[in-house]
Amino acid sequence: MVIAGIIGAGLMWGWFLVLLVDQRPVRVRASQKSEAESSTSPLKKFFIAFIAKWQTERRPYLNFLAVAIFTAWFAWLIYSFTDATSLIPFFVALTLSFLVHFAWRQQLRRRRRSS
């Protein structure tokens with residue numbers, strides 16, 4: 001039962017990563033800094049700045065870094081609840097789901113352009 005849950009999590013995570021990586025840049029409005037943001041830790045400020053930059057600029061290294069950070073965090077969660085051998089089906093399911101979803105979106109784009 002645990003392996004089925006891990007495979008399901010891998011399938012969901014791979015599907016989500018395509019949505020995370022394969023999108024257009026967003027225009028961000030100039031925001032005013034609040035007092036709460038000024039009193040945050042340097043690590044939190046770094047992640048807030050990284051997310052803001054990542055949302056406005058689509059660079060390959062930013063996409064790779066974001067995917068690596070979020071996937072490592074999710075894999076660490078799975079590892080902390082189970083064991084290291086459970087990561088194998090997770091990454092297999094993640095890779096399979098990512099590739100199928102990415103190919104499907106590319107096919108939808110080609111169909112939209114041709115019609």
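Once rounded to the nearest 0.5 Å, the distance linking NE2 of His101 with CD of Gln106 reads 10.5 Å. Rounded to the nearest 0.5 Å, atoms CD1 (Ile3) and CD1 (Ile88) are 9.5 Å apart. The distance from the CD atom of Gln107 to the CZ atom of Phe102 is 13.0 Å, given to the nearest 0.5 Å.
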Item to complete: In sequence, state the C-alpha distance, the side-chain angles, and the governing distance for Tyr79 and Asp83, and then conclude on side chain to side chain contact (heavy atoms under 4.5 Å, CB included).
Response: CA-CA 5 Å; Tyr79 174 74; Asp83 56 350; 5.6 Å; no
Item to complete: Apply the test side chain to side chain contact (heavy atoms under 4.5 Å, CB included) to residues Phe90 and Ile7: give CA-CA distance (whole Å), side-chain angles for both, the deciding distance (0.1 Å), then the verdict.
Response: CA-CA 5 Å; Phe90 170 74; Ile7 290 172; over 6 Å; no
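When the side chain to side chain donor-acceptor pair (under 3.5 Å) test is applied to Trp15, no partner is found at least two apart in sequence or on another chain. Scanning for side-chain contact (heavy atoms from CB on, under 4.5 Å) contacts around Thr82 gives Val2, Ile6, Ile78, Ser86, with sequence neighbours left out.
Residues Val100 and Trp13 do not share a hydrophobic cluster, defined by chaining ILVMFWY side chains whose heavy atoms lie under 4.5 Å apart. In the hydrophobic clustering of ILVMFWY residues, with side-chain heavy atoms under 4.5 Å counting as a link, Phe91 and Phe81 come out together. Hydrophobic clustering, with ILVMFWY side chains joined whenever heavy atoms are under 4.5 angstrom apart, keeps Leu11 apart from Phe98. No continuous path of hydrophobic side-chain contacts links Val92 to Leu87 [ILVMFWY only; heavy atoms under 4.5 Å].
Outside the 6.0 Å centre-distance limit, the rings of Phe70 and Phe16 are not counted as a close aromatic pair.
Side chain of Ser114 to main chain of Arg111: a donor-acceptor pair is present (N/O by atom type, distance under 3.5 Å, no hydrogens or angles).
Between Ser97 and Gly10, the shortest heavy-atom distance links the atoms CB-O, 4.3 Å.
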